[in-house]
Amino acid sequence: QVQLVESGGGLVQPGGSLRLSCAASGIILDMGWYRQAPGKQRELVATITSGGAANYADSVKGRFTIARDNANNTVWLQMNSLKPEDTAVYYCKVITKPRATEPYTYQYWGQGTQVTVSS
């Protein structure tokens with residue numbers, strides 16, 4: 001069973017920065033970050049494949065950077081130039097499989113970490 005441990009959330013002023021981290025276990029394929037604001041649907045923020053190919057939501061391009069350390073099964077989200085509309089609970093997501101020979105994949109979510117951007 002994959003366990004995800006998130007950290008790095010907090011309260012910052014507009015224009016500030018935060019760095020989120022997520023440590024996972026198992027054979028990890030894709031990793032990513034999603035967020036959900038009150039009354040809104042959960043949305044994709046950024047994803048990264050095992051090969052390092054990154055994808056970002058248009059709303060965060062140029063401000064956020066996703067990276068991963070495959071040796072430690074860790075993914076980071078560096079968030080710069082934060083805006084009030086970035087306020088949400090951020091969730092780490094991983095796609096994994098129990099063994100290399102396993103034909104099926106599974107997805108797991110972290111517990112979520114609150115990011116609040118306010119003056």
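Distance CD1/Ile27 to CD1/Ile95: 14.5 Å, rounded to 0.5 Å. Between Met31 atom CE and Leu4 atom CG the span is 7.0 Å, to the nearest 0.5 Å. Here the straight-line distance linking atom CG of Leu77 with atom CZ of Arg19 works out to 10.0 Å at 0.5 Å rounding. Annotation: the span from Leu11 atom CG to Thr116 atom OG1 amounts to 6.0 Å, rounded to 0.5 Å.
For CD of Glu85, the number of neighbouring non-hydrogen atoms (other residues, nucleotides, ligands) closer than 6.0 Å is greater than 12.
In the hydrophobic clustering of this structure, Val89 does not group with Val94; members are Ile, Leu, Val, Met, Phe, Trp, Tyr whose side-chain heavy atoms approach within less than 4.5 Å, directly or through other members. Clustering ILVMFWY residues whenever any of their side-chain heavy atoms sit less than 4.5 angstrom apart, transitively, puts Tyr91 in the very cluster that holds Leu44.
Side-chain atoms of Thr65 and Trp76, non-hydrogen and from C-beta on, never get closer than 4.5 Å to each other. Residues Ser50 and Arg68 form a side-chain contact, since some pair of their non-hydrogen atoms from C-beta on lies under 4.5 Å apart. Counting heavy atoms from C-beta outward, Val115 and Leu20 have side chains that approach closer than 4.5 Å. With a 4.5 Å cut-off on side-chain heavy atoms, Met79 and Trp33 do not count as touching.
In this structure a side-chain-to-backbone donor-acceptor pair under 3.5 Å is present from Tyr56 to Ile66. Judged by distance alone, the side chain of Thr105 and the main-chain N or O of Lys97 form no donor-acceptor pair under 3.5 Å. Side-chain atoms of Asn72 never come within 3.5 Å of backbone atoms of Ala23 as a donor-acceptor pair (strictly under, hydrogens ignored). Panel note: side chain Thr96, backbone Tyr106; no donor-acceptor pair is recorded below 3.5 Å. Distance alone, capped at 3.5 Å, is enough to place a donor-acceptor pair between the Gln111 side chain and the Glu6 backbone.
Closest heavy-atom contact between Arg63 and Ser81: NH1-O, 3.0 Å. Shown here for Ala88 and Ala37, the closest heavy-atom pair between the two residues is CB-N, 3.8 Å. When all heavy atoms of Val75 and Cys92 are compared, the closest pair comes out as CG1-SG, 3.9 Å. For the pair Ser25 and Gln3, the tightest heavy-atom approach, listed with the atom from each and the gap, is OG-N, 3.4 Å. Of all the heavy atoms in Ser119 and Pro14, the pair that sits closest is N-CD, 3.7 Å. Considering all non-hydrogen atoms of both residues, Val45 and Val60 come closest at O-CG2, 3.6 Å.
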Hey, mind stepping through Thr87 and Gln114 against side chain to side chain contact (heavy atoms under 4.5 Å, CB included) and telling me if it holds? CA-CA 8 Å; Thr87 296; Gln114 178 71 49; 4.0 Å; yes
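Note on ring orientation: taking the six-membered ring where Trp is involved, the planes of Tyr90 and Phe64 are tilted (angle from 30° to 60°).
Within the structure, the salt bridge (Lys or Arg N to Asp or Glu O under 4.0 Å) test picks out the following pairs touching residues 22-36 (sequence neighbours left out): Arg35-Glu43, Arg35-Asp86.
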